[in-house]
J.: 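Quick one: structure below, then a few questions.
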Amino acid sequence: MTVYKSDFMRTLSERGFIYQCSDTDALDRLFLSETVTAYIGFDCTAKSLHVGSLVQIMMLHWLQETGHRPLALMGGGTTRIGDPTGKDEARKILTDEEIEENKAGIRKVFDRFLTFGDGPKDAIMADNADWLMGLRYIDFLREIGRFVSVNQMLQRDSVKLRLEREQHLSLLEFNYMVLQAYDYVELTRRYGCRLQMGGSDQWGNILSGVDLGRRLTETELFALTTPLLTTSSGAKMGKTADGAVWLNADMRSPYDYWQFWRNTEDADVGRFLKLFTKLPLDEIARLEALEGAELNEAKKILANEATRLMHGDEAAAEAAETARKTFEEGALAQSLPSIEVPQTDLEAGIGLLAAYVQAGLCASNGDVRRNVKGGAVRINDETVTDERRTLTAADLTSDGVIKLSLGKKKHILLRPV
RNA sequence: GGAGGAGUGCCCGAGUGGUUAAAGGGGACGGACUGUAAAUCCGUUGGCUUUGCCUACGUUGGUUCGAAUCCAACCUCCUCCA
């Protein structure tokens, strides 16, 4: 491993953030000599970012931590195009309202990890809609387009794969990387930005910006990517049956977030501790050296720390306590995620199928039926064998709730109101 | 512009008139085993008011008692020719 002199590069390197970099030595020197502004772009394709973006967010956090200036770029403009990278086909076109709503949701996350303001080291949030929306086609082609090589674009994986897989690629999507490249230049002009970071899938897009920057601003710009995050058994990070592991609390509760980290595979514990917590490396080394069941302690610490960063001390402690009661005591924890149903509905009797679908434990009635057959459905810890069972006030426990479980790990409380 | 080939479920991929909600694999979910892990084994994997009905094999129409399978047009991709 290269030994870096700057705090930022050393930290990133030691903690496993670096996958590719356009010029590590020069970048290291840059970080030693000045306060560097670096950016990462986030498209507004959903109301929240998910754990897949967390590595990126942590990088911005470390950037500020080591005395530099992070810039979070909202893709308010580029989201109107849709990044073809890694996609088989164009995503559906989002409406302006959806994009604005998504942007608002995504912004919230950054307040937890960055300090914004007007000072020289305060983080900046920008939106590429500000300069992309007003572009004029012919002007843009003449000023920027002449410096963009189609030959090079065709070599980029995002494009090449599409073509090789015999899938349609529209001019709209093809332009995405040109706009991303232009973003980089624009940020260099506006904020003196010198570095763009991103996931490894963004390497091509980022380099396009570096090339364009060299031609237009005669400044050396840098590119740095993180490794694609997969679990040791090869699955993509953060993708589960119930979808992505969202960061926003209203889309995935702190308890479920905590559980996500608690269920980390053994082989990933050390790697994740380095990437997703701020624990000192010697402490991490101690934790990942644990073996067998003892590793569970390390997983709890991982869950605690990751949840703390995301949702705060209180939420993390509560999630840990809920998990302890549920899994270690087998007791009913009042703080499990819950859904509310009107008292009157309960008195009338709620169908098992409806309850599970409403709780989000199953996708459809048929899904519940299948799980009943498979013995996965339990009410108040008793296995249900009759799919036509109804839930009534008689099912309320002494705590006044009904515990719906799917499998061993998913529990939702049903609360009458 | 011309000739030929292709488009199947979350993904890959078989199927070329009824027995096909569609083989097989992957993934995912559930069960067993464990440590709320991995690996392994087993089961499940379109929806619904479930002995039935509805939706689904690029899109839209058509032929037929009956179509993923035949025909037409369109969309997209590939190969060759101009």
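None of these values were measured; they are calculated from a predicted model. All chains are named by letter (A, B, ...) in the order of the sequence lines, taking the proteins before the strands, and each is independently numbered beginning at 1. FYI, side chains are in, hydrogens and waters are out, and symmetry mates aren't considered; it's all heavy atoms of this structure.
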J.: Say you pick atom P in B:G5 and the same atom in B:G52; how far apart are they, in whole Å?
T.: 41 Å
J.: So that I can tick it off, tell me whether A:E382 and A:R389 are bridged by a salt bridge, with the cut-off set at under 4.0 angstrom between side-chain N and carboxylate O.
T.: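 No salt bridge links A:R389 with A:E382.
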J.: Less than 4.0 Å between a side-chain N and a carboxylate O, is that true for A:D96 and A:R80?
T.: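 Looking at A:R80 and A:D96, the cut-off is met.
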J.: What is the distance from atom CG of A:N380 to atom CG of A:L413, rounded to the nearest 0.5 Å?
T.: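 So the gap between those two atoms works out to 9.0 Å.
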J.: Can you list the steps and then say if A:T226 with A:Q56 is a side chain to side chain donor-acceptor pair (under 3.5 Å)?
T.: CA-CA 8 Å; A:T226 55; A:Q56 269 59 262; 2.9 Å; yes
J.: For RNA chain B, write out the stems as range with range, using runs of 3 or more consecutive Watson-Crick or G-U pairs with both distances under 3.5 Å.
T.: B:1-7 with B:75-81, B:10-12 with B:24-26, B:27-32 with B:40-45, B:46-48 with B:52-54, B:58-62 with B:70-74
J.: Tell me, for nucleotides 41-48 of chain B in 5' to 3' order, what letter each nucleotide earns: B for a base near a protein heavy atom under 4.0 Å, S for only sugar-phosphate near one, - for neither?
T.: ---SS-SS
J.: Which donor-acceptor pairs under 3.5 Å do the side chains of residues 57-70 of chain A make with protein atoms, sequence neighbours left out?
T.:
unit_1: A:H61; atom_1: ND1; unit_2: A:F113; atom_2: O; d: 2.7
unit_1: A:H61; atom_1: NE2; unit_2: A:K278; atom_2: NZ; d: 2.9
unit_1: A:Q64; atom_1: OE1; unit_2: A:T115; atom_2: N; d: 2.8
unit_1: A:Q64; atom_1: NE2; unit_2: A:T115; atom_2: O; d: 2.9
unit_1: A:Q64; atom_1: NE2; unit_2: A:K121; atom_2: O; d: 3.1
unit_1: A:E65; atom_1: OE2; unit_2: A:K278; atom_2: NZ; d: 2.4
unit_1: A:T66; atom_1: OG1; unit_2: A:W62; atom_2: O; d: 2.8
unit_1: A:T66; atom_1: OG1; unit_2: A:L63; atom_2: O; d: 3.1
unit_1: A:H68; atom_1: ND1; unit_2: A:V36; atom_2: N; d: 2.9
unit_1: A:R69; atom_1: NE; unit_2: A:T37; atom_2: OG1; d: 3.0
unit_1: A:R69; atom_1: NH2; unit_2: A:T37; atom_2: OG1; d: 3.2
unit_1: A:R69; atom_1: NH2; unit_2: A:Y191; atom_2: O; d: 2.9

J.: Distance between the C1' atoms of B:A82 and B:U69, in whole angstroms?
T.: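 Rounded to whole Å, the distance is 35 Å.
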J.: Side chains of A:T78 and A:N128: any donor to acceptor distance under 3.5 Å?
T.: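 Looking only at side-chain atoms, A:T78 and A:N128 do form a donor-acceptor pair, the distance falling under 3.5 Å.
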J.: So which protein N/O to nucleotides 55-59 of chain B N/O distances come out below 3.5 Å?
T.:
none

J.: Output all residues satisfying ring pair (Phe, Tyr, Trp, His ring centres under 6.0 Å) with A:Y39, sequence neighbours left out; order by chain, then residue number.
T.: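 Listed in chain order: A:Y184.
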J.: Could you measure between the two P atoms, the one in B:U76 and the one in B:A67, and give it in whole Å?
T.: 28 Å
J.: What's the gap between B:G62 and B:A56 when it is taken at their P atoms, as a whole Å value?
T.: 15 Å
J.: Could you give the distance separating B:G26 and B:C77 at their C1' atoms, to the nearest angstrom?
T.: 24 Å
J.: Just to verify, which of A:M177, A:Q152, A:M153 counts as forming a side-chain contact (heavy atoms from CB on, under 4.5 Å) with A:S208?
T.: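 Running side-chain contact (heavy atoms from CB on, under 4.5 Å) over A:M177, A:Q152, A:M153 with A:S208 returns exactly one hit, A:M177.
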J.: Detail all sub-3.5 Å separations between protein N/O atoms and N/O atoms belonging to nucleotides 34-36 of chain B.
T.:
unit_1: B:U34; atom_1: O4; unit_2: A:K408; atom_2: NZ; d: 3.3
unit_1: B:G35; atom_1: O6; unit_2: A:D266; atom_2: OD2; d: 3.3
unit_1: B:G35; atom_1: N1; unit_2: A:D266; atom_2: OD1; d: 3.2
unit_1: B:G35; atom_1: N1; unit_2: A:D266; atom_2: OD2; d: 2.6
unit_1: B:G35; atom_1: N1; unit_2: A:G292; atom_2: O; d: 3.4
unit_1: B:G35; atom_1: N2; unit_2: A:D266; atom_2: OD1; d: 2.6
unit_1: B:G35; atom_1: N2; unit_2: A:N296; atom_2: OD1; d: 3.3
unit_1: B:G35; atom_1: N2; unit_2: A:K299; atom_2: NZ; d: 3.0
unit_1: B:U36; atom_1: O2'; unit_2: A:N263; atom_2: OD1; d: 2.3
unit_1: B:U36; atom_1: O2; unit_2: A:Q259; atom_2: OE1; d: 2.8
unit_1: B:U36; atom_1: O2; unit_2: A:N263; atom_2: OD1; d: 3.3
unit_1: B:U36; atom_1: N3; unit_2: A:Q259; atom_2: OE1; d: 3.3
unit_1: B:U36; atom_1: N3; unit_2: A:Q259; atom_2: NE2; d: 3.4

J.: Determine, for A:D139 against A:R142, whether the closest basic-nitrogen to carboxylate-oxygen distance falls under 4.0 angstrom.
T.: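 Looking at A:D139 and A:R142, the cut-off is not met.
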